[in-house]
Amino acid sequence: MTRCGAGRALSPSGAHGRRSLRLRPADRPNREDPFLKTPPVPEDREATAAGLLLGAARHSAGRTTAVFLCSAASAAASLALPAVLGRTLDLLLRRSPDADPWLLACAALIVAEVLLDAAVALLGGTAGARSAAWLRTRGVGRLLAAWPGHASRFPPGDVAVRLTANATEASTAPVSAATLGASLLAPVGALVALFLIDPWTALTFLAGLPLLVLVLRAFARGSSDSVASYQHVQADIATRLVEALAGARTIAAAGTEARDRDRILAPLPELAAQGSRMWRIHGAAVARSGVLMPLLTVAVLAVGGIRLASGDMSVGELLAASRYAALAAGVGTAAGLLGSLIRSRSAARRAAELMALPAMTYGARTLPPEARGTLELRGVSVKHQDRTVLAGVDLTIPGGTSVAVVGRSGAGKSTLAAVAGRLTEPDGGTVLLDGVPLGALRQDELRREVGHAFERPVLFGATLGEALAGGSPMPGERVRAAARAASADALVRLLPQGYATAPHAAPLSGGELQRLGLARAFARAGRLLVLDDATSSLDTVTEHQVERALARDVRHGTRLIVAHRLSSAARCDLVVWLEEGRVRATGTHEALWRSEEYRALFAPPEATEPAAPDLAPAAASPTDPYPHAAVPGPTAAERADR
C-alpha cells in the first residue's frame, strides 16, 4: 500500500530513522501586512441601472447618435412639411405659376421623411443588438470573474433570464432615449410654429398640457412597479424549469411529472396578473392621451376657424395650424417610448446585480523558484451570513506533504480547501504559499501552481482532450499520461472518437467523471494540489490505483485532500481533524486513531463500537470490501517506493 502523495514515511515517534513531520503553529500574522485580508471589492461603481445603461449607450454611441440625428432630421422634415403644404395651397388657390417648385418641395419632404424613418428602424435594430451583446458579454465576464461563492447565489434559471430577456429589454434603452429625445423636437417645434402662425391657437393647445403631464406621471409610477414584478415572476418560472431539467431523472423515477409541471407553472397566474396590470396601465395612459390629444387638436381647429372667419388667418395658415396641432399632439405618443424606457430601466436593475458581483483580485508577485509548496494558514476565519465556518485556523503544512482534512459534515473541510486554493477569501487572516500571500500572486502564477479536483467535476471544451488540458496549450502525451494516472485513459479510448469525443457526447458515470476530473487536475498539478472529496465515487480498487499513481507519476508537490474514507486518511502523511470550524487535532492517522472520537468519524452509522486498528506494518488488500475497517500502516517496500 502506498500513501497518497510523495511525502516521507511517518510514525508517531519518528521511527525507522526518519524525522517525523509535524504541523507547527504558524507565527502570528503581521497586522500591517496589506495581504492579511483582501476582501473582494466591487471594482466598477457603474454597476447600477443608470450606469449600465450609460455604458450600453457609450458602446453603441455611433449608431445611437445616428438614430438621434435621423430622428431629428425626420422631425425637421415633418415640421417643414405643414408650412410648405400651407404655402403651396395658397399658391394653388391663387393659380400662381410659382406653385410648381413648392409641389416638388412637398414631395421631397415626404420622401425624406419615409427614408429617414427607415434608417431609424435599421440603425435602431443594429444598435440594440450591439448593446445586448455588450451587456451579455459583460455579464458573463463578471460572473466568471467573480468569487464562486458570490456568483452561486443566483440560480441558473434566474441568471439565464437576466442575460437574455432582461439584457434584450435593457439594450433598447439607448435607442428609445434617442428616439424619445428626437420625437419631442416635433411637438416643441410645432408649438413654436403655432405661436408664429397665431398665438391664440398655441395658447389653446397649451391649456390642455397639464392634463397630459398628469397622465404620463401616473403611467410612469404604475408601470415601473408592474414591470419589475413581471420580470421577477418570469425569472422564478425559469429557475423552476432549469431545476426540473437538471433533476429530470429523479422526476421520471418518482413518476411526479404532473406534480412538477404544476410546480413549475404555479407562478403563471401571478405572471398573468402582473402582465395584465402592466398592459392595463399602459392602455389607460394611451387611451387617455389618445382622447386628450384629439380634443386639443379640435380646439385648435375651432379657434383657427374663428380666426379665419375674422380674416386674421388664411386658408393655408389654417391648414398649417391644423397640421402643427397634430404634430404637437404627438407628444402623447411619448407614452409608448416612456414605457419602453421604464421596462429597460427595470431590466437594467436586474442585470446590474450581476455586474455588481465583486471580482477576484490578484497581485503581481511570483513564487520562489526552489520552494516545494509550503502552505501556511495564519488566523484564518471564514463566516457565512451569521455562522462562523472557520475560526482562527493556524496551520503550517510542509512542502511535499500529503495532508488529509477530516471531520464531520459541516466541520469546514471544503471551506478550508477553498481557502487554501483561493477559491474564497477569508474574512480574517491570511494564506501563504511558500511564504507569499495568495492574494499577492499573479493570476497565471496562482492558477498554474495551485490545482483543484472536485467531487462533481464539470468538463469544458470542444473535446475531452481540450477539457483535460483545462483550456491551456498542452502536449497530447501529457494529457494522456495524466489520464493514465487517474485510471481514465482506458475508458476514454473505448469511446468511438477517443480524446476527440465531445464531453456532452460521452456517457459517463459518476466515478468515470471523477476520474476525468482527477486527470485534469493531474495534468496541471503544481506545488499545491487540492482534492475536495475528489475520489468519493471511485471504487476501492480504482481509488488505490489513483493514489499510487498520484505518488509516483504526478508532479511532486503538497497534497491537501478532503477525505471521508478511512483509507484516504490512512494513506496520507498527516491528518488535520476539524471540528466546528476549528482544528481539533493534527498528527498521523495512526496516532489519531487512538482517539475513540476520531475513530467514530469513520464508523458506519450502525456501528456502536469501532474496532481498533492494527497498527503493525502489514499489506492491505486493495479489494477490501469493508472500507470502514481499520487500515494498517505502509509496508517497508511501500516506504521505499516513496
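Excluded from the calculations below are hydrogen atoms, water molecules and symmetry mates; all remaining heavy atoms, backbone and side chain alike, are included. Computed from a predicted model, the values in this text were never measured in an experiment.
- V546 places a side-chain heavy atom less than 4.5 Å from the side chain of T542.
- Distance alone, capped at 3.5 Å, places no donor-acceptor pair between the R142 side chain and the L354 backbone.
- The backbone N or O of E466 sits less than 3.5 Å from a side-chain atom of T463, completing a donor-acceptor pair.
- For the pair D489 (side chain) and A483 (backbone), a donor-acceptor distance under 3.5 Å is absent.
- Between the side chain of R365 and the backbone N or O of V436 there is no donor-acceptor pair closer than 3.5 Å.
- Atom NE2 of residue H564 and atom OG1 of residue T535 lie 10.0 Å apart, to the nearest 0.5 angstrom.
- Note that the CZ atom of R442 and the CD atom of E449 stand 10.5 Å from one another [nearest 0.5 Å].
- Across R527 and D434, no two heavy atoms sit closer than the pair NH1-OD2, 2.8 Å.
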- Item | Intermediate values then yes/no, side-chain contact (heavy atoms from CB on, under 4.5 Å), H589 and R571 | CA-CA 8 Å; H589 172 73; R571 292 184 183 118; over 6 Å; no
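- Across all non-hydrogen atoms, the minimal contact from S568 to E543 is OG-OE2, 2.6 Å.
- With a 4.5 Å cut-off on side-chain heavy atoms, L464 and L459 count as touching.
- Atom CD of E579 and atom CG of L601 lie 8.0 Å apart (nearest 0.5 Å).
- Contact record, Q514 with L538: OE1-N, 3.8 Å, taken as the closest heavy-atom pair.
- Counting only distance, with no hydrogens or angles, the side chain of E547 and the backbone of H544 share no donor-acceptor pair below 3.5 Å.
- Of the N and O atoms on the side chains of R372 and H556, at least one donor lies less than 3.5 Å from an acceptor on the other residue.
- Side-chain N or O atoms of T401 include none that pairs as donor or acceptor with a backbone N or O of I397 at under 3.5 Å.
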- Item | Candidate pair V382 and V419, rule side-chain contact (heavy atoms from CB on, under 4.5 Å), full reasoning | CA-CA 9 Å; V382 176; V419 167; 3.7 Å; yes
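- The nearest pair of heavy atoms linking R387 to G410 is NH1-O, 4.0 Å.
- By the neighbour-count criterion of 12 heavy atoms within 6.0 Å, atom CZ of R582 is sparsely surrounded, having that number or fewer from other residues, nucleotides or ligands.
- Put simply, the side chain of L508 reaches to within 4.5 Å of the side chain of L491, judged on heavy atoms.
- Using a 4.5 Å cut-off on side-chain heavy atoms (C-beta onward), V479 and Y499 make contact.
- For the atom pair CZ of R136 and CG of L143, the computed distance is 14.0 Å after rounding to the nearest 0.5 Å.
- Taking every heavy atom of both residues into account, G435 and P437 meet most closely at O-CD, 3.9 Å.
- Counting only heavy atoms from C-beta outward, the side chains of L550 and R559 approach each other to under 4.5 Å.
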- Trace of the salt bridge (Lys or Arg N to Asp or Glu O under 4.0 Å) decision for R548 with D553: CA-CA 8 Å; R548 289 180 66 90; D553 305 328; over 6 Å; no
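- Contact annotation: the side chain of F454 approaches that of L423 to within less than 4.5 Å [non-hydrogen atoms, C-beta and beyond].
- A heavy-atom distance below 4.5 Å is not found between the side chains of L375 and L432.
- The shortest side-chain heavy-atom distance between K413 and V562 falls under the 4.5 Å cut-off.
- Proximity of a side-chain donor or acceptor of T424 to a complementary backbone N or O of A418 within less than 3.5 Å is not detected.
- Taking a 6.0 Å sphere around CZ of R456, one finds it holds 12 or fewer heavy atoms contributed by other residues, nucleotides or ligands.
- Aromatic ring pairs are classed by plane angle as parallel below 30°, tilted from 30° to 60° and perpendicular above 60°; the pair Y598 and F602 is perpendicular.
- Salt-bridge formation is detected for the pair R378/E376: a Lys NZ or Arg NE/NH1/NH2 atom is positioned less than 4.0 Å from an Asp or Glu carboxylate oxygen.
- For D573 and S402, the side-chain atoms include at least one donor-acceptor pair closer than 3.5 Å.
- One N or O on the side chain of T374 and one on the backbone of G399 form a donor-acceptor pair closer than 3.5 Å.
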- Query: Would V530 and L528 count as a side-chain contact (heavy atoms from CB on, under 4.5 Å) if you check the C-alpha gap in whole Å, the side-chain angles of each, and the deciding distance to 0.1 Å?
  - Reply: CA-CA 6 Å; V530 181; L528 175 62; 4.1 Å; yes
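- In this structure, the side chain of E445 engages the main chain of L367 through a donor-acceptor pair within 3.5 Å.
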- Hey, mind stepping through M474 and R524 against side-chain contact (heavy atoms from CB on, under 4.5 Å) and telling me if it holds? CA-CA 9 Å; M474 190 176 295; R524 296 171 56 87; 3.9 Å; yes
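- Of all heavy-atom pairs spanning A525 and V554, the tightest one is CB-CG1, 3.6 Å.
- A cation-pi contact, defined as under 6.0 Å to the ring centre and within 45° of the axis, links R422 to Y362.
- By the 4.0 Å N-to-carboxylate-O rule, E353 lies close enough to R162 to be salt-bridged with it.
- Among V389, V405, D532, the one residue that satisfies the side-chain contact (heavy atoms from CB on, under 4.5 Å) test with L416 is V405.
- Remark: L574 CG to L592 CG distance equals 9.5 Å, nearest 0.5 Å.
- Remark: of the listed residues V406, V583, T586, V406 is the sole one forming a side-chain contact (heavy atoms from CB on, under 4.5 Å) with W577.
- With values rounded to the nearest 0.5 angstrom, R478 atom CZ is found 12.0 Å from L468 atom CG.
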